Protein chains: 2
Amino acid sequence: MRISTKGDYAARALQELSMHYDRGPLQIDAIAERQEIPVRYLEQLLLILKRAGYLESKRGVKGGYSLAKPPHQITLGEIIRLMEGTQAPIFCVDPSSREKCPAEKRCGFQGVLVEVRDAVAHILDSVTFEEICRRARLKIAPRSTSYHI
Amino acid sequence: MRISTKGDYAARALQELSMHYDRGPLQIDAIAERQEIPVRYLEQLLLILKRAGYLESKRGVKGGYSLAKPPHQITLGEIIRLMEGTQAPIFCVDPSSREKCPAEKRCGFQGVLVEVRDAVAHILDSVTFEEICRRARLKIAPRSTSYHI
DNA sequence: GGTATCTCGATAAAGTCAATCGAGTTACTC
DNA sequence: GAGTAACTCGATTGACTTTATCGAGATACC
């Protein structure tokens with residue numbers, strides 16, 4: 001699995017939105033500025049997230065984006081899969097691909113690659129954005145033990 | 001981590017050479033044919049493997065490539081790293097990269113990505129080409145319990 | 001001397017990634 | 001109801017990477 005800027009930016013945007021959850025919409029410009037993402041590119045990514053049901057948007061003055069569900073119901077794994085297309089390290093162990101490996105019958109490492117894929121998926125699917133927020137807050141204010149959303 | 005044809009082809013070539021270990025050199029054409037790899041492309045990959053010390057070559061009639069060390073001393077992990085450049089899912093957790101993440105101070109998922117990187121490395125580094133041969137042979141002749149190199 | 005084979009660097013075709021742009025549409029505010 | 005702030009959407013572009021392909025050469029064996 002490789003994470004390109006697409007998945008990276010999307011995850012970072014969702015982190016910002018999670019940290020702002022229940023406090024009204026956040027504007028594209030604000031997210032882009034805080035995470036140093038090109039605005040016009042972020043625009044596209046937020047649209048993808050919206051169409052997939054993760055975000056709600058509001059137009060006009062005081063508009064912006066907000067989460068369509070609480071941070072603890074969104075995992076990093078689903079976002080990466082949505083943005084990157086797959087998590088498989090190689091096409092022959094990609095469940096969403098129907099392309100078949102020509103050497104499958106004499107391939108000794110396909111099994112290993114399946115293990116890799118599953119290990120990665122297990123880690124990413126077990127982390128929600130609530131957890132990501134918690135970790136981000138620990139970095140920003142390491143001494144704080146309180147927990148605000 | 002993503003495995004492109006480069007790492008894929010290299011690993012498959014090494015598998016062929018491992019299965020032929022101690023039985024003299026194998027020619028590029030033979031390897032290419034068995035694994036359905038473009039000959040002129042495989043040529044380049046074998047050169048990389050040779051320069052890195054994994055292969056020996058012999059020119060002229062009955063020449064070809066052979067392993068420079070026994071299959072159990074080569075891991076899939078080192079080959080993937082050699083061919084793909086890195087195993088890190090993203091630049092900010094790539095130990096060989098000096099590029100720094102601009103958002104590190106407020107990033108909640110860098111830790112998760114480190115976990116992913118280490119999990120992948122652990123799996124790939126624990127598999128040698130001896131093991132890969134064993135698995136390939138099981139596929140080719142599932143009933144055989146004998147073990148030949 | 002001739003043939004089989006590896007060696008090496010240059011080049012090219014194709015695809016992907018990461019934006020950038022322009023022209024909308026919607027909704028709020030005054 | 002005019003104006004402005006904000007999201008929407010599709011097209012395009014430039015750079016880069018991947019995946020080869022090619023031609024000419026060097027080496028070893030018979």
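If you're wondering where the values come from, they're calculated on a predicted model, not measured in any experiment. Every chain is numbered from 1, with letters handed out A, B, ... down the list of sequences.
Closest contact between the side chain of A/Val61 and the listed nucleotides C/dC8, C/dT29, C/dA4 involves C/dT29. For B/Arg59, the listed nucleotide lying nearest its side chain is D/dA26; candidates were D/dT19, D/dA26, C/dA19. Taking every side-chain heavy atom of A/Arg2 into account, C/dA18 is the closest of D/dC29, C/dT7, C/dA18. Here the nucleotide nearest the side chain of B/Arg40, chosen from D/dT18, C/dA23, D/dG23, is D/dG23. The nucleotide whose nearest atom lies closest to any side-chain atom of B/Lys50 is, among C/dT7, C/dC8, D/dT8, C/dT7.
In this structure, CD of B/Gln27 is placed 10 Å from C1' of C/dC6, rounded to the nearest angstrom. Spacing between atom CD of A/Glu56 and atom P of D/dT8 amounts to 12 Å, rounded to whole angstrom units. For the pair B/Glu84 CD and D/dT17 P, the interatomic distance rounds to 14 Å; values are reported in whole Å. Rounded to whole Å, atom P of C/dG24 lies 16 Å from atom CD of A/Glu43. Note: CG (B/Asp8) to P (D/dT19) measures 9 Å, nearest angstrom. Distance A/Leu42 CG to D/dA6 P: 15 Å, rounded to the nearest Å. Per the geometry, CG belonging to B/Leu26 stands 18 Å off P belonging to C/dA4, to the nearest Å. Rounded to whole angstrom, the span from the OH atom of A/Tyr41 across to the P atom of D/dT12 amounts to 19 Å.
Not one side-chain nitrogen or oxygen of A/Ser57 sits closer than 4.0 Å to the OP1 or OP2 atom of D/dA6. Close to D/dT19, at under 4.0 Å from its OP1 or OP2, lies a side-chain N or O of B/Thr5. Regarding contacts with the backbone of D/dA6, every side-chain N or O of A/Tyr65 stays at 4.0 angstrom or more from both OP1 and OP2. OP1 or OP2 of C/dT16 has not a single side-chain nitrogen or oxygen of A/Ser4 nearer than 4.0 Å. Contact between the side-chain N/O atoms of B/Lys6 and the OP1/OP2 oxygens of D/dT17 is not found at any separation under 4.0 Å.
A salt bridge links B/Glu43 with B/Arg40: at least one charged nitrogen is closer than 4.0 Å to a carboxylate oxygen. The pair A/Arg2-A/Asp8 fails the salt-bridge criterion, with no side-chain N (NZ, NE, NH1 or NH2) lying under 4.0 Å from an Asp/Glu carboxylate O. Of the charged side-chain nitrogens involved, at least one lies within less than 4.0 Å of a carboxylate oxygen, so that B/Arg81 and B/Asp125 count as a salt-bridged pair. Between A/Glu115 and B/Arg135 there is a salt bridge, since at least one side-chain N of the basic residue sits less than 4.0 Å from a carboxylate O of the acidic one.
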Practice item. Test A/Leu67 against A/Ser18 for side chain to side chain contact (heavy atoms under 4.5 Å, CB included), laying out the working first. Key: CA-CA 7 Å; A/Leu67 290 186; A/Ser18 297; 3.6 Å; yes
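Nearer the 5' end of DNA chain D, as judged by each residue's closest nucleotide, is the contact made by A/Asp29, out of A/Asp29 and B/Val39. Toward the 5' end of DNA chain C, the nearer of the two residues B/Lys62 and A/Tyr9, judged by each one's closest nucleotide, is B/Lys62.
Note on A/Leu46: nothing from the nucleic acid sits closer than 4.0 angstrom, heavy atoms only.
Between the base of D/dT19 and the side chain of B/Gln44 there is no donor-acceptor pair shorter than 3.5 Å.
Residues B/Val114 and B/Arg117 form a side-chain contact, since some pair of their non-hydrogen atoms from C-beta on lies under 4.5 Å apart.
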